[in-house]
Engineer: 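Please see the structure below; I have some questions.
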Amino acid sequence: MSVQTKGEKVYRGTAVSGGVCRGKVLVLHHTQHLVSRRALEPGLIPEEIRRFEQVLVKTRTQIKEVQRRVAANMSGSEADIFDAHLLMLEDRVLIDEVMRLIREDLVNAEFAFQQVSGRYVAAMESVEDELLRERAADMRDLVGRVMDNLLQVRDSADLNHLTEPCILVSRDLSPSTTAQLNKKLVLGFATDIGGKSSHTAIMARSLDIPAVVGLKTLSEELETGDYVLLDGYNGTVVVNPTDATLFEYGQLAKLKASLDVKLAEVLWLPAVTLDGKAVHLSANIEDQHDVEAVIAHGAEGVGLFRTEFLFLNRPAPPNEDEQWQVYHEVAAALHPNPVIIRTLDLGGDKFVSSLQLAPELNSFLGWRAIRFCLAQPDMFCHQLRAILRASSGGNVKMMYPMISGVDELNQANALLEKCKQELKAKEVPFNPNMEIGVMIEIPSAALIADALAKRARFFSIGSNDLIQYTLAADRTNEKVSHLYEPTHPAILKLIKYTVEASHRHGIWTGVCGEIGGDPTLVPLLLGLGVDELSAAPPVIPEVKYMIRKTSIAEARQLADFALQCDSPSEIYAACQKFALQTAPSLFEKT
Ligand code: PEP
Ligand code: MG
């Protein structure tokens, strides 16, 4: 029975894309592909294999078309998601296995494909790593598409024929379906499963469609036509909202609209505190397509270019020229603003299949980042030369991740010097004075900050790792997430020590970990003396707003209090109180 006949009911999930909407639900039930096993005569096998190959070609054309449409309507990074689909579609091991089954078991293509792809999806869904698990959604998406084509059914979630506005509710929503959503008719969406960093969530954020995931059995409990209110800030879906709830949300919508006006007003203003301290506010990016968002959100360049993303989802690592092209494009587009390119940070939770690294028991403590690069000097030098070459066409700076001691920095700089000599010999232009920075993300680096500061032009605190390495709490493991506390006194002491060491040696310190994009923690970081903040483009306006409302004198008092306090939760509460008093409008929506 529909819940329409009942009173208000609230479902709670994970908020992945901000905003509130209300309207009638459209429940999407995924088409179950009914596949039967058909025994084929040996003479029919070549034709069956040809049919399978034709479907792969057709699917490829469809994906390319969706990718083209997405690229035209959204940023390039969303369109790139379909590169992963194309790579999966071209997976030789999968294709050969399907063909082998058809040939050896004399069965129909859809049956063979279902068997093989089912094993793939199950394997992907069973891994511990959340990111990899979320890639299973991509695989399911692709499998559904191939199956539709083999069985000649229409796209299982064809949303091209909507006639009235609706809120989509489904067990899951594939990235390719999400990419095709018509913003005028799809007011928001809610799914039973999914995580914050899934491609579907990423797309919802860039489409600016409110979305809530992880609502467990919502799609089974609702029916098309039910009336709901979806709150993408707080992660709730309210079925049959009462007048009181609707009134409450009406007030919230007004607050959000006035916040947007306030954020738009600061977009092109400098990030300066009330008492005149200029804070360099830059963005974190993963590829050249993010440049548009950097500019649109009013960031002053790039504070962290995570280059390893250029190495993921491809059969071989990008060569020197390919890398140069990307670095050059970003640097030229943002000139004269700085672009800080971080050298390769593979390992930990970022693996590249093309490099076939052996699994490690303690990957975050293992062969990661600069350690891996120093052991692969040829590959590292490709990147160093590409970055040096890009430095001639923009304001390029470079930093090394995971530096634990001076020797690593010296070794990396020695390779950099060698690359400079090679380029010089070939008369290839580069900036010989390109600034080199060090990421401070291991406690040992923070504690020898004086020694590192003598050898670097800037520091960038990678708080995501600094927290996990200081508190011995795996940043990807939800079982120890309660121990992963950014306001732990040990973290504050390390940040303070790093900042002071850098200033003693006349260099600056930034923060490019997630805490740099959290408006609640921004005043504390400013009070600790941080000079630069770098965050994901969408949060830049809120961070800038907070900076412009903060006085450094008061932020220092907050930091002084925090530094003499023993309790992480007490420090966090003080930060919340300060932030709420300083910029209440930022927190009214949650
Ligand atoms: C960090 O560790 O804070 C950081 C910015 O690097 P990443 O998140 O890429 O490890
Ligand atoms: Mg890091």
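Whatever order the structure lists ligands and atoms in, that order sets their numbers, starting from 1.
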Engineer: Give me the atom names and distance for the closest heavy-atom approach of Ala271 to Glu300.
Structural biologist: CB-OE2, 4.3 Å
Engineer: Which ligand 1 atoms does Leu304 reach within 4.0 Å, using its non-hydrogen atoms?
Structural biologist: 5 (C)
Engineer: Pick one of side chain, backbone, both or neither for how Ile461 approaches ligand 1, counting any non-hydrogen atom pair under 4.0 Å.
Structural biologist: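 Neither; no heavy atom under 4.0 Å.
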Engineer: I'd like the atom name of the N/O/S atom in Glu441 lying closest to the Mg ion (ligand 2).
Structural biologist: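 Going through the N, O and S atoms of Glu441 one by one, OE1 ends up nearest to the Mg ion (ligand 2).
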Engineer: If only side-chain N and O atoms count, and only distance matters, is there a donor-acceptor pair under 3.5 Å linking Glu554 with Thr550?
Structural biologist: no
Engineer: So with a 6.0 Å cut-off around CG of Asn410, is the heavy-atom count from everything else above 12?
Structural biologist: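 It does: Asn410 CG has more than 12 such atoms within range.
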Engineer: Tell me every residue that passes ring pair (Phe, Tyr, Trp, His ring centres under 6.0 Å) with Phe458, counting only those two or more places apart in sequence or in another chain.
Structural biologist: Trp508
Engineer: Residue-level breakdown please: for Arg368 versus ligand 1, do any non-hydrogen atoms fall below 4.0 Å on the side chain, on the backbone, on both, or on neither?
Structural biologist: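 For Arg368, only side-chain atoms sit under 4.0 Å from ligand 1.
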Engineer: Within ligand 1, which atoms have a heavy atom of Asp465 less than 4.0 Å away?
Structural biologist: 1 (C), 2 (O), 3 (O), 10 (O)
Engineer: Which is closest to atom 4 (C) of ligand 1 by heavy-atom distance: Asn464, Asp345, Ile442?
Structural biologist: Asn464
Engineer: Identify, by atom number and element, the atoms of ligand 1 in contact range of Glu441, meaning under 4.0 Å from any of its heavy atoms.
Structural biologist: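 Under 4.0 Å from Glu441, ligand 1 has these atoms: 1 (C), 2 (O), 4 (C), 6 (O).
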Engineer: So, using side chain to side chain donor-acceptor pair (under 3.5 Å) as the criterion, who are the partners of Thr470 when residues are at least two apart?
Structural biologist: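 Testing Thr470 for side chain to side chain donor-acceptor pair (under 3.5 Å), a comparison that skips the adjacent residues, returns none.
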Engineer: Could you list which atoms of ligand 1 come closer than 4.0 Å to a heavy atom of Cys512?
Structural biologist: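 The atoms of ligand 1 under 4.0 Å from a heavy atom of Cys512 are 5 (C).
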Engineer: The Mg ion (ligand 2) is nearest to which N, O or S atom of Asp465?
Structural biologist: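 Looking only at N, O and S atoms of Asp465, the one nearest the Mg ion (ligand 2) is named OD2.
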Engineer: Output yes when a side-chain donor or acceptor of Lys544 lies under 3.5 Å from a complementary backbone atom of Leu269, and no otherwise.
Structural biologist: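 Here the side-chain-to-backbone pair exists.
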Engineer: Where's the contact between Leu466 and ligand 1, heavy-atom distance under 4.0 Å: side chain, backbone, both or neither?
Structural biologist: neither
Engineer: Sub-3.5 Å donor-acceptor pair from the side chain of Ser126 to the main-chain atoms of Ala123, do we have one?
Structural biologist: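 At least one qualifying donor-acceptor pair exists.
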Engineer: Using a 4.0 Å heavy-atom cut-off, which part of Arg306 comes near ligand 1: side chain, backbone, both, or neither?
Structural biologist: side chain
Engineer: Between Asp321 and Arg389 (salt bridge meaning N to carboxylate O under 4.0 Å), is one present in this structure?
Structural biologist: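 Salt bridge between Asp321 and Arg389, a charged N being under 4.0 Å from a carboxylate O: yes.
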Engineer: So between Arg342, Gln468, Glu514, Met402, whose heavy atom ends up nearest atom 6 (O) of ligand 1?
Structural biologist: Arg342
